[in-house]
Each structure stands twice: as C-alpha cells, then as structure tokens.
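Just so it is clear: chains get the letters A, B, ... in the order the sequence lines come, proteins before strands, and each one is counted from 1. Being a predicted model, the structure only gives us computed values, none of them experimental.
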Number of protein chains: 2
Amino acid sequence: MGITERKERQRAELREHILQVARDMVMKEGFDALSMRKLAEAVEYAPATLYLHFENRDAIARELCVRGFQELFAALEPAARVVEPVERLSRMTEAYLGFGLKQPETYRLIFMEDARLSEALFQDAKQGAGPQSFGVLVRVFEDLEAAGRTPEGTAPARLAEVFWAGLHGIVSLKLTCSGFQGAPAEVLGQTLVTSLVRPAPPPAKPARRSR
Amino acid sequence: MGITERKERQRAELREHILQVARDMVMKEGFDALSMRKLAEAVEYAPATLYLHFENRDAIARELCVRGFQELFAALEPAARVVEPVERLSRMTEAYLGFGLKQPETYRLIFMEDARLSEALFQDAKQGAGPQSFGVLVRVFEDLEAAGRTPEGTAPARLAEVFWAGLHGIVSLKLTCSGFQGAPAEVLGQTLVTSLVRPAPPPAKPARRSR
DNA sequence: CCGTTCTGTGAACACCGTTCATTTATTGCT
DNA sequence: AGCAATAAATGAACGGTGTTCACAGAACGG
C-alpha cells in the first residue's frame with residue numbers, strides 16, 4: 001500500500017516547492033519583501049495553506065537560513081581542500097567574500113537579520129553546520145601554527161574567530177554601508193590574510209638538498 | 001514680533017521630542033518594534049501628525065541613524081586623544097566594542113538594518129560624520145606606520161578599513177550569531193590589535209641620551 | 001471681526017501575519 | 001457502490017502596519 005507513502009512524498013514536494021519559491025523571492029527582493037500572502041499567491045495556494053507546512057513565517061526564514069548557510073559552506077569546500085595552509089586561507093577568503101557579495105540577500109538572511117534565525121546553526125555545540133564549518137577555519141590556523149606562521153601565544157581557535165569576524169565585517173559593511181567606498185573586498189581580504197599570517201620563517205628543515 | 005519665532009521653536013521642540021521618544025522605543029524594543037502608530041500614541045498625537053514633521057518612517061530611522069553614529073563617534077573620542085598609537089588603537093577598540101555591545105539596538109540601526117540608512121553618513125566624500133570618524137582611524141595607522149609598526153607596503157587607509165571591518169565583524173557576530181559562543185569581544189579585539197600591529201622594532205633613535 | 005494660514009485629526013486604503021470554522025477532496029471499509 | 005472518516009484546502013475574519021487626504025479647529029494678520 002504505497003498510498004500514504006505517495007501522500008507523504010507529495011507533501012514533502014509541496015513543502016520543498018514552497019521553500020524554493022520563497023528562496024527565489026528572498027534572493028530577488030530581499031527578506032523583508034517575503035510575505036506569506038505573496039508567497040501563497042506565487043505557489044497558487046491560499047495563505048492559510050502555508051501554515052499546514054510551516055509553523056509561521058519565521059519557520060520558513062529559519063529553514064532558508066540554514067540552507068543558505070549550507071550553500072555558503074559548500075562554496076567554501078573546494079578552497080578548504082587546498083593543502084598549503086596560506087594558500088588555503090587565501091582561497092577560502094576569496095570564496096567567502098565572493099559568496100557574500102554575489103548573494104547579498106542570502107548572506108543578509110543568514111547573518112544579519114534576526115539573531116533567532118542563526119541560533120539553529122549553532123545550537124549543537126559540536127554537531128551542527130555552524131561549528132562544523134567553523135572547525136574548518138580553525139584547522140587552517142592549526143596548520144598555520146604548525147608551520148610557525150601564526151602570531152605566537154594565540155590559540156588557533158581565537159585567530160580563526162577574529163579572521164571570521166574580519167571576513168564578516170568586510171562583507172556586511174559592503175552590504176550595509178554602500179555609501180562608504182573603500183578598497184574592493186578582495187583587496188581587503190588579502191590584507192586581512194597577510195595581517196594574520198606571519199612571514200615564513202627561514203627553513204630550518206630545508207625543503208630539498210639546500211644548504 | 002517673536003511669534004513666528006516661538007512657533008518655530010515649538011515646532012522644533014516637538015520634532016525633537018518625537019525623536020527622543022522614538023530613540024527610547026528603539027533602544028528598548030528594537031527598530032522593528034518602532035511603529036508610527038505606537039510612536040504617535042507615545043507622544044500623544046494622532047499618527048497623521050507625525051507626517052507633518054517627518055516624511056515617513058524611514059526619515060525618522062535615518063535621523064536616529066546619524067544620531068546614533070554621532071554617539072558612537074563621541075564614545076570613541078576620549079580614546080582617540082591618546083598620543084601613543086598602539087595604546088590609542090587598543091583604547092579605541094575597547095570603546096567601539098563597548099558601545100556596540102552595550103547599545104545593541106542602536107548599533108544595529110546604524111550598521112545592520114537598511115543600506116539606505118547609513119547612506120547619509122557617507123554621502124559627502126570628505127565632510128560628513130562617516131568619513132570624518134574614519135579619518136580618525138586612518139590617522140592611528142598613519143602614526144603606527146611612522147613608528148614602523150605596520151606591515152610594510154600596506155596603505156594606512158587600507159589597514160584602517162580592515163581594522164574597522166574586524167571591529168564591526170566582532171560586534172555584529174555577537175549581536176546576530178548569539179548562538180555561537182566564542183571568546184569575549186574584548187579578547188577578540190585585543191587579538192585583532194596585536195595581529196595588525198607589528199612588534200616594536202629595536203630603537204634606532206634611542207629615547208634619551210644613549211649611544 | 002473676518003479671512004487666511006498653520007496644526008491636528010478621523011477615516012479610509014492597501015497591505016501584513018495568523019487563526020479557525022467550514023468546505024472540499026481523498027481514502028478505507030463495508 | 002455508497003458511506004464514514006480522515007486529510008487538505010480555503011474564505012473570512014482579527015488585529016496590526018505605513019501612509020494619505022479631506023476636513024475641522026485654533027492661531028494669527030489685517
């Protein structure tokens with residue numbers, strides 16, 4: 001009897017469809033322009049029907065928030081694969097800034113709207129998407145520390161946090177303070193990288209047959 | 001005939017009163033909770049009366065935004081007086097973070113709501129409150145450069161911008177990503193300072209009567 | 001005292017999120 | 001097949017929002 005199964009699937013599909021349309025609306029006109037009534041109109045249902053699939057507007061926002069965060073994480077993933085830590089940090093910087101500037105409304109939704117939205121990302125201390133991706137960043141600084149390229153006496157986790165704050169600051173100032181025309185985000189990003197990474201020490205263990 | 005004069009003054013006073021009450025509401029319940037109707041109720045006028053003094057809600061928001069920015073600038077001023085540049089930067093960091101965390105709703109209004117709000121701050125390239133206070137920050141890095149304590153080959157203005165982004169990132173992540181529990185803002189601030197400031201070079205021109 | 005100008009307002013418009021009784025469609029069972 | 005039960009969908013309403021505008025009232029200049 002695959003009938004309840006089919007109904008469940010259809011229900012899930014509709015839910016997915018609603019989220020997809022909502023995402024489009026947010027990306028096109030911003031989160032504030034996402035109204036339950038217009039969303040209902042767009043998916044061709046009555047407004048009340050949306051409440052059969054989501055508790056309220058905030059529930060939709062939360063879902064879009066965690067999905068947006070996953071997109072951000074995915075955008076970082078290729079850069080995170082790079083072995084050499086300085087290059088990795090540089091590439092991750094590029095990817096982060098690129099995502100934030102190319103998908104401003106998504107970025108706003110994730111990190112700049114309501115504090116309650118991003119709570120879901122960090123509720124599990126170790127598990128959730130938030131800590132997991134922050135871990136990737138911490139690992140860069142651990143590798144940098146191992147290579148002797150971090151300021152001494154500062155824990156990698158703290159450096160990672162400052163670095164993240166720097167990235168977020170660059171993106172969000174570009175998004176909100178559009179009036180302030182400073183250097184391009186990429187330039188600022190590279191400045192941030194070179195500021196947090198110490199110059200390479202003279203090779204104690206030479207790479208190959210030197211000295 | 002001081003009659004039109006008095007009327008003007010009363011008009012200005014009412015306008016001021018409205019802004020004051022609006023500011024209180026924002027600081028207490030956040031910008032989203034500021035409604036024209038509740039504001040009208042609070043100042044004991046009909047909603048329509050507000051539109052005799054402000055074009056619309058956004059106009060009030062803009063005004064609160066620039067005033068909030070001036071408060072922030074004022075909070076930074078004592079620290080900006082410090083002569084020694086490293087100490088100055090450290091004190092300014094402390095002041096900036098303190099303001100952002102103690103007046104979260106004001107800070108949100110200035111830098112995290114609508115991009116159109118902060119436009120007023122940076123519309124004049126050299127004059128307005130925005131460029132002026134950014135200039136204070138640039139000066140710190142100019143002084144640091146003169147003392148040979150900045151990374152070489154990076155313009156002070158760019159370092160200042162990265163530094164500001166860092167501060168803003170720290171504050172706004174604390175405000176929006178409350179779920180993420182990292183190090184205290186002050187610690188991150190000091191890490192940011194020590195990351196952007198190079199260690200003191202050995203004294204070429206010794207302080208007094210040596211050599 | 002009258003006419004004008006400024007101040008203030010009530011009522012309306014068009015939205016918004018959300019709820020709930022009611023209708024409609026679908027399913028399982030006899 | 002028809003009927004009861006369950007699920008899906010909705011129309012209408014409630015209370016809220018920003019904003020406009022024709023109108024009333026007060027204050028003023030002559």
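- One N or O on the side chain of A:Arg88 and one on the backbone of A:Val82 form a donor-acceptor pair closer than 3.5 Å.
- Outside the 6.0 Å centre-distance limit, the rings of A:Phe69 and A:Phe73 are not counted as a close aromatic pair.
- With rounding to whole Å, B:Arg57 atom CZ is found 17 Å from D:dG16 atom P.
- With DNA chain D read from its 5' end, the first of the two nearest nucleotides for A:Arg37 and A:Leu52 is the one closest to A:Leu52.
- In this structure, the CG atom of B:Leu34 is 8 Å from the P atom of D:dG18, given to the nearest Å.
- Separating the CG atom of A:Leu14 from the P atom of D:dA9 is a distance of 6 Å, rounded to the nearest angstrom.
- Rounding to whole angstrom units, CD of residue A:Glu8 and P of D:dA7 are separated by 12 Å.
- Judged by closest nucleotide on DNA chain D, A:Glu44 is the one of A:Glu44 and B:Lys38 placed further toward the 5' end.
- A straight line from CE of B:Met36 to P of D:dG18 spans 7 Å, rounded to a whole angstrom.
- Separating the CG atom of B:Leu50 from the P atom of C:dT7 is a distance of 15 Å, rounded to the nearest angstrom.
- Distance A:Tyr45 OH to C:dT18 P: 20 Å, rounded to the nearest Å.
- Residue order along DNA chain C, read from the 5' end via each residue's closest nucleotide, puts B:His53 first among B:His53 and A:Pro47.
- The distance from atom CD of B:Glu55 to atom P of D:dG18 is 15 Å, rounded to the nearest whole Å.
- Within the 4.0 angstrom heavy-atom criterion, only backbone atoms of the sugar-phosphate kind lie near B:Ser35; the bases stay farther away.
- Of the residues near DNA chain C, B:Thr49 and A:Ala33, the one whose nearest nucleotide (by heavy atom distance) lies more toward the 5' end is B:Thr49.
- Contact of the B:Ser133 side chain with the B:Leu121 side chain is not registered, since no non-hydrogen atoms from C-beta on lie closer than 4.5 Å.
- Taking the six-membered ring where the residue is Trp, A:Trp164 and A:Phe122 present tilted rings, their angle falling between 30° and 60°.
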